[in-house]
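Note that this is a predicted model, so its numbers are computed, not measured. We name chains A, B, ... by the order of the sequence lines, and we start the count at 1 in each one.
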Protein chains: 2
Amino acid sequence: MKVKVDPSLKEAWDLVQGGLKRKEVIIIVGACEVEYRGRAYSELPEGMRILIIKEDSALILHRPRGFEPVNWQPSGSIIASEYKENMLLIRAFKRRPAEVMEVRFREVKLVASLKLIDKGEFLMYGSEEDIKRAIMIRPDLLERGLRILRDERKTDKGYVDLCAVDSEGRLVVIELKRGRADKDAVLQLLRYVNYYKRSGACKVRGVLVSPSISKGALRLLKEVGLEYKKISLKKCREVILAHSNSSLFK
Amino acid sequence: MKVKVDPSLKEAWDLVQGGLKRKEVIIIVGACEVEYRGRAYSELPEGMRILIIKEDSALILHRPRGFEPVNWQPSGSIIASEYKENMLLIRAFKRRPAEVMEVRFREVKLVASLKLIDKGEFLMYGSEEDIKRAIMIRPDLLERGLRILRDERKTDKGYVDLCAVDSEGRLVVIELKRGRADKDAVLQLLRYVNYYKRSGACKVRGVLVSPSISKGALRLLKEVGLEYKKISLKKCREVILAHSNSSLFK
DNA sequence: TAATAAATGTCGTTT
DNA sequence: AAACGACGTTTATTA
């Protein structure tokens with residue numbers, strides 16, 4: 001790891017050049033101005049910020065407040081650094097869409113470059129995919145007598161989350177949301193249901209499944225003759241865990 | 001600014017405590033494991049990462065690759081740091097929704113805490129708002145004889161981007177998109193147009209305005225009897241600049 | 001490559 | 001507090 005506190009711009013540039021060459025992660029803290037041109041245009045006059053350059057050439061520039069970076073460039077950019085006229089320039093190009101971000105440092109307070117070793121596998125529970133998994137294990141989470149049709153979404157034009165057949169033989173189109181469902185979710189479901197109604201002969205139901213739903217969405221849902229079923233993420237997690245445990249004993 | 005390279009965990013903790021108290025921006029680089037519980041659940045085993053704690057208590061944890069943080073907590077969290085059992089704990093709570101993120105450092109390579117002075121005003125051009133502004137200045141960007149109705153969106157239930165009256169006295173509902181318009185944009189416009197058709201007596205047109213549109217969206221648009229008008233962000237920018245220049249001579 | 005939908009989306013604005 | 005829509009959304013998946 002190479003670190004310099006209050007380096008000259010020339011020293012900082014040397015360190016950045018080395019870091020880029022070795023594909024390390026680089027952190028620069030200092031006074032800079034920023035310009036972006038691409039899908040939109042932005043300007044940011046001088047101020048103290050933190051720039052992170054990652055080993056896959058993603059760039060992230062942070063101000064002292066807020067969760068979001070003020071400017072950035074995603075992975076796979078082409079990065080160049082230059083030292084001229086008492087400035088340290090960092091420039092990141094990208095094609096498709098064509099975009100450029102340029103950071104001009106007037107002063108660097110801290111610069112560091114190091115290889116970050118990070119092999120940890122990130123695990124997340126509670127995604128929409130997890131709800132789907134739970135329902136496929138236990139369709140009765142929605143209603144008794146429900147039979148899930150595997151991979152219906154592939155065969156159809158729309159990307160339906162799940163399809164099933166109810167105890168009376170009706171097709172049940174299911175739309176899942178991991179958070180509060182809104183009007184968009186209802187319209188999404190409506191599109192799929194209409195598709196099946198047009199194309200198929202059998203009766204079609206549409207069910208929106210989520211932990212909660214907005215008032216407006218629920219009103220719209222009922223207006224267009226769709227159904228709502230509440231589900232708990234916690235319950236889904238339990239079902240998945242119980243199932244993977246029982247699978248161990250097969 | 002306080003910086004320590006390869007500090008002991010105790011030293012790092014001292015520096016973090018001081019930084020939190022003074023509401024500075026803190027950067028920690030080191031080996032850590034992470035846990036998150038809230039709207040979802042996540043686990044990340046040990047690895048080298050970068051943690052930024054901002055002065056408004058936003059937390060951002062970055063791995064060596066990718067644009068997005070692997071874990072985070074937005075502004076306004078309650079942050080606590082602890083030193084125990086050979087670990088430096090950083091913990092961020094948030095209510096509504098209730099969420100906790102905990103970072104456990106086993107080793108710290110670099111820690112820095114400093115006051116970032118950043119008064120620069122961020123300027124961005126090319127937003128949807130800019131398209132709206134340009135059309136309000138020069139409605140003929142869309143078509144001749146168009147008259148924009150000011151702030152129609154306020155009086156209505158839906159948040160229509162713009163309303164206008166065409167040369168034949170028909171109401172024109174306008175939906176703006178700064179990027180490529182998709183099916184969602186068409187459905188959004190359709191909702192507003194239907195609202196006006198139901199509630200009003202006069203004839204209603206719906207026009208989607210954007211720099212480009214997806215094939216599927218265009219097909220859907222025509223199916224439901226709406227119109228498309230291409231617009232260039234560059235042109236909008238020129239119109240706004242020309243207008244603000246001419247305003248100087250009033 | 002385009003299109004389509006998810007996301008711990010976040011953020012701002014209005015009700 | 002809830003709802004609604006924009007975002008340089010980004011990212012992943014699929015045709």
Side-chain angles (χ1 to χ4, degrees), chain A residues 36-42 58 60 66-75 94 96-101 122 124-132 151 153-161 175-185 188 191-192 212-219 233, chain B residues 36-42 58-60 66-76 92 94-101 122 124-132 153-154 157-161 175-185 188 191-192 212-220 233:
Chain A
Y36 156 79
R37 289 191 305 278
R39 283 167 293 176
Y41 313 82
S42 79
I60 306 148
F67 159 75
E68 294 198 322
V70 61
N71 281 108
W72 70 90
Q73 203 70 287
S75 321
K94 187 172 59 72
R96 250 185 293 301
E99 296 184 293
V100 189
M101 170 184 166
F122 183 64
M124 175 123 91
Y125 318 98
S127 65
E128 191 177 294
E129 192 57 33
D130 288 330
I131 301 178
K132 182 174 174 177
D151 288 329
R153 65 200 300 262
K154 255 186 109 179
T155 55
D156 304 307
K157 213 180 149 228
Y159 296 86
V160 180
D161 285 334
E175 175 63 29
L176 308 172
K177 287 294 161 202
R178 69 163 307 285
R180 179 160 261 235
D182 58 11
K183 284 183 182 174
D184 265 359
Q188 212 174 322
R191 263 193 285 167
Y192 304 143
S212 70
I213 183 167
S214 77
K215 259 189 244 176
L218 188 60
R219 191 169 50 238
L233 279 180
Chain B
Y36 157 77
R37 290 191 304 279
R39 283 165 294 177
Y41 313 82
S42 80
L59 260 83
I60 306 149
F67 159 75
E68 293 199 324
V70 61
N71 281 107
W72 70 90
Q73 201 70 284
S75 322
K94 187 170 61 69
R95 306 206 172 174
R96 256 188 274 337
E99 296 185 294
V100 188
M101 170 185 167
F122 183 64
M124 175 121 92
Y125 318 97
S127 65
E128 190 178 294
E129 191 57 33
D130 287 332
I131 301 177
K132 182 173 172 178
R153 65 202 298 265
K154 256 185 106 178
K157 212 180 152 231
Y159 295 86
V160 181
D161 286 335
E175 175 65 28
L176 308 172
K177 287 294 161 205
R178 69 162 306 286
R180 178 161 260 236
D182 58 10
K183 284 184 182 175
D184 263 1
Q188 213 174 320
R191 263 192 285 167
Y192 301 144
S212 70
I213 183 167
S214 77
K215 260 189 244 175
L218 188 59
R219 192 169 50 237
L220 179 61
L233 279 180

List DNA chain D stems (3 or more consecutive Watson-Crick/G-U pairs, under 3.5 Å)?
C:1-7 with D:9-15, C:9-15 with D:1-7
Salt bridge flag under 4.0 Å for residues A:Lys177 and A:Asp184:
no
Provide the distance between the two C1' atoms, one in D:dC7 and one in C:dA7, to the nearest whole Å.
13 Å
Check this one for me: any side-chain N or O of B:Gln188 less than 4.0 Å away from OP1 or OP2 of D:dA6?
yes
Tell me if the side-chain of A:Gln73 makes a donor-acceptor pair with the base of D:dG8, cut-off 3.5 Å, by modelled atom types.
yes
When the P atoms of D:dG8 and D:dC4 are considered, how many whole Å apart are they?
23 Å
Distance test, side-chain N/O of A:Lys183 to OP1/OP2 of D:dA3, below 4.0 Å:
no
OP1 or OP2 of C:dA5 sitting under 4.0 Å from any side-chain N/O of A:Tyr192?
yes
Would you say B:Arg178 places a side-chain N or O within less than 4.0 Å of OP1 or OP2 belonging to D:dT9?
yes
Residues in side chain to side chain donor-acceptor pair (under 3.5 Å) contact with B:Asp182, at least two apart in sequence or another chain:
none
OP1 or OP2 of C:dA7 sitting under 4.0 Å from any side-chain N/O of B:Arg39?
no
Please determine if a side-chain N or O atom of B:Trp72 lies less than 4.0 Å away from the OP1 or OP2 oxygen of C:dG9.
no
Ignoring backbone atoms, test whether B:Arg95 places a side-chain nitrogen or oxygen under 4.0 Å from the OP1 or OP2 oxygen of D:dA1.
no
Roughly, in whole Å, what's the span from NZ in A:Lys177 to P in C:dA7?
8 Å
Rounded to whole angstrom units, what separation is found between the NZ atom of A:Lys94 and the P atom of D:dG8?
13 Å
Nearest whole angstrom, please: distance from the P of D:dC7 to the CD of B:Glu68.
18 Å
Between A:Ser214 and D:dC4, is there a side-chain N or O to OP1/OP2 distance below 4.0 Å?
yes
Between B:Tyr192 and B:Glu175, does any side-chain donor sit less than 3.5 Å from a side-chain acceptor?
no
Can you see if the side chain of B:Lys215 gets near the phosphate of C:dA2 - specifically, an N or O under 4.0 Å from OP1 or OP2?
no
Between B:Arg178 and B:Glu128, is there a side-chain N and carboxylate O pair less than 4.0 Å apart?
no
Give me the distance, rounded to whole Å, that separates C:dT10 from C:dA6 when you measure between the C1' atoms they each carry.
14 Å
P atoms of C:dT4 and C:dT8, separation to the nearest Å
23 Å
